[in-house]
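This report refers to the structure that appears directly beneath it.
Source: prediction; values computed, not measured. Residue numbers start at 1 and run along the sequence shown.
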Amino acid sequence: MREGHQGTGPGAITPDGCAVELYSRLPAGPEPDIVAAAVPEGARILELGSGVGRMTHPLLERGFSVTAVDESAEMLEHVRGARTICVPIEHLDLDERFDVVMMASFLVHTGDVEVRRGLLSTCARHVADDGCVLIQREGADYHTNLPRERVDPSGFTVRILSADPVAEGVNSVRAEYEFPDAVWTQTFLARPLTKEQFEQALAEAGLRVDRYLTDDGTWVRAIPMSQA
């Protein structure tokens with residue numbers, strides 16, 4: 001288990017506190033459409049932190065080629081139709097470049113600055129010179145106005161219960177997912193980033209924002225600084 005992370009509930013729990021069965025139940029939502037609209041048709045995608053394939057499978061259905069990377073073998077057992085690689089993202093070093101590198105699930109907000117640098121270096125190292133990196137960021141109010149909850153149309157409830165400071169710039173976030181037949185919790189460390197801090201972190205890795213893909217700024221298309 002990664003320091004500061006834990007999870008409860010039925011089934012296997014990954015090193016960052018995610019429950020495999022929980023993520024196998026979560027819907028893909030609008031994210032695959034956001035990705036598909038931002039990249040070329042049939043692009044080769046390196047998906048960092050794929051989990052059980054919640055986004056992998058819809059992207060495959062849209063005609064993309066996907067290499068799915070996750071540090072949890074239990075998660076990757078659920079992925080079908082994609083090449084899978086089991087390794088922590090920050091340690092990935094393939095002798096390949098991809099049209100698209102994608103890192104969702106707010107991973108860029110990891111509480112550990114060195115891990116964040118490793119994640120973004122992995123993105124920069126694997127994107128083609130004319131390719132792009134798609135990153136999902138937290139919303140501006142993610143750590144405020146808590147607790148709050150959202151009832152998903154499919155019938156489960158997501159609650160962000162708390163976000164308590166545990167170090168300079170780092171919060172311990174506790175989330176709960178309630179289904180009719182089971183409840184899971186996840187506790188993890190997250191570092192809120194302003195737009196300026198986020199863009200500075202990209203710059204350190206040799207990347208820059210091409211455009212924000214959603215009105216709330218949570219999905220970003222970045223490109224290598226060398227790209228015109």
Side-chain angles (χ1 to χ4, degrees), residues 7 9-108 118-137 152-156 158 177 179 182 184 186 213-214 218-223:
I13 304 293
T14 67
D16 60 355
C18 294
V20 175
E21 183 180 341
L22 165 63
Y23 276 82
S24 71
R25 296 185 182 201
L26 296 181
E31 278 81 5
D33 290 331
I34 294 170
V35 172
V39 304
E41 290 185 8
R44 293 179 66 240
I45 298 176
L46 177 65
E47 184 185 7
L48 303 176
S50 66
V52 297
R54 186 169 58 96
M55 291 181 62
T56 315
H57 299 137
L59 291 172
L60 290 170
E61 292 169 1
R62 287 162 173 77
F64 297 104
S65 169
V66 182
T67 295
V69 178
D70 203 277
E71 69 177 348
S72 168
E74 292 91 346
M75 287 282 197
L76 290 175
E77 286 176 359
H78 293 262
V79 175
R80 299 289 181 266
R83 171 192 180 196
T84 60
I85 299 174
C86 186
V87 68
I89 295 167
E90 61 270 31
H91 297 160
L92 183 71
D93 192 4
L94 303 175
D95 189 21
E96 296 177 62
R97 298 291 187 99
F98 295 80
D99 304 316
V100 181
V101 178
M102 182 177 72
M103 189 168 71
S105 301
F106 314 132
L107 293 176
V108 73
L119 298 176
L120 291 174
S121 292
T122 294
C123 292
R125 187 166 56 248
H126 291 91
V127 67
D129 291 341
D130 59 350
C132 66
V133 178
L134 302 185
I135 299 174
Q136 186 182 26
R137 302 171 60 224
D152 191 86
S154 63
F156 67 92
V158 182
Y177 300 80
F179 286 74
W184 286 272
Q186 183 182 8
L213 301 174
T214 53
T218 56
W219 274 94
V220 185
R221 186 181 193 271
I223 58 176

Nearest atoms (heavy-atom pairs only) where Leu48 meets Ile89: C-CD1, 3.7 Å
Could you please spell out the steps behind the side chain to side chain contact (heavy atoms under 4.5 Å, CB included) verdict for Asp33 and Arg62? CA-CA 9 Å; Asp33 290 331; Arg62 287 162 173 77; 2.7 Å; yes
Under a 3.5 Å cutoff, is there a donor and acceptor pairing between the side chains of Ser154 and Asp152? yes
What closest approach, in Å, do Leu92 and His126 show between heavy atoms, and which atom pair accounts for it? O-CE1, 3.3 Å
Side chain proximity check, Val133 to Leu120, heavy atoms < 4.5 angstrom: no
Rounded at 0.5 Å granularity, tell me how far CG in Leu107 sits from CZ in Arg137. 14.5 Å
With a 4.5 Å cut-off on side-chain heavy atoms, are Val87 and Val69 touching? yes
Would you check if the side chain of His78 reaches a backbone N or O of Gly53 as a donor-acceptor pair within less than 3.5 Å? no
Measure from the side-chain N and O atoms of Ser121 to the backbone N and O of Gly118, and report whether any donor-acceptor pair falls under 3.5 Å. no
Euclidean distance, His91 NE2 relative to Glu71 CD, rounded to 0.5 Å: 9.5 Å
With a 3.5 Å distance limit and no angle check, can you tell me whether Gln136 reaches the backbone of Ser105 through a side-chain donor-acceptor pair? yes
To check you understand the geometry: which heavy-atom pair defines the closest contact between Ala104 and Trp219, and what is its length? CB-CH2, 3.7 Å
Using the side-chain contact (heavy atoms from CB on, under 4.5 Å) rule, pick out the option among Ile45, Ile34, Val39 that qualifies with Leu134. Val39
Counting C-beta onward and ignoring hydrogens, is there a side-chain heavy-atom pair between Met102 and Leu59 closer than 4.5 Å? yes
Side chains of Leu60 and Arg80, heavy atoms from C-beta outward: is any pair under 4.5 Å? no
With sequence neighbours excluded, what pairs up with Phe179 under the ring-ring contact (aromatic ring centres under 6.0 Å, His included) test? Phe156, Trp184
Main-chain N/O of Arg125 paired with Arg97 side-chain donor or acceptor, under 3.5 Å: yes
Starting from the C-alpha separation in whole Å, work towards a yes-or-no answer on side chain to side chain contact (heavy atoms under 4.5 Å, CB included) for Val52 and Val20. CA-CA 7 Å; Val52 297; Val20 175; 4.1 Å; yes
Side-chain donor/acceptor of Arg44 to backbone N/O of Val100, under 3.5 Å: no
The reported gap from CD in Glu21 to OH in Tyr177 (rounded to nearest 0.5 angstrom) is 14.5 Å
Mind checking side-chain hydrogen bond (donor to acceptor under 3.5 Å, both in side chains) for Thr218 and listing every partner two or more places apart, or none if nothing turns up? Thr214, Asp216
Looking at Cys86 and Ala73, what are the two nearest heavy atoms and their distance? SG-N, 3.6 Å
Tell me whether Arg221 contacts the main-chain N or O of Ala38 through its side chain, where contact means a donor paired with an acceptor under 3.5 Å. yes
Distance check, rounded to the nearest 0.5 Å: Leu94 atom CG versus Leu46 atom CG? 6.5 Å
To check you understand the geometry: which heavy-atom pair defines the closest contact between Glu47 and Thr56, and what is its length? OE1-OG1, 2.5 Å
Mind checking what makes side-chain contact (heavy atoms from CB on, under 4.5 Å) contact with Thr84, not counting sequence neighbours? Ala68, Leu76, Val79
About how many Å separate CE of Met75 and OG of Ser24, when rounded to the nearest 0.5 Å? 8.5 Å
Do Cys18 and Gln186 have side-chain heavy atoms sitting under 4.5 Å apart? yes
Taking the side chain as every heavy atom from C-beta outward, state whether Pro32 and Glu61 have any atom pair closer than 4.5 Å. no
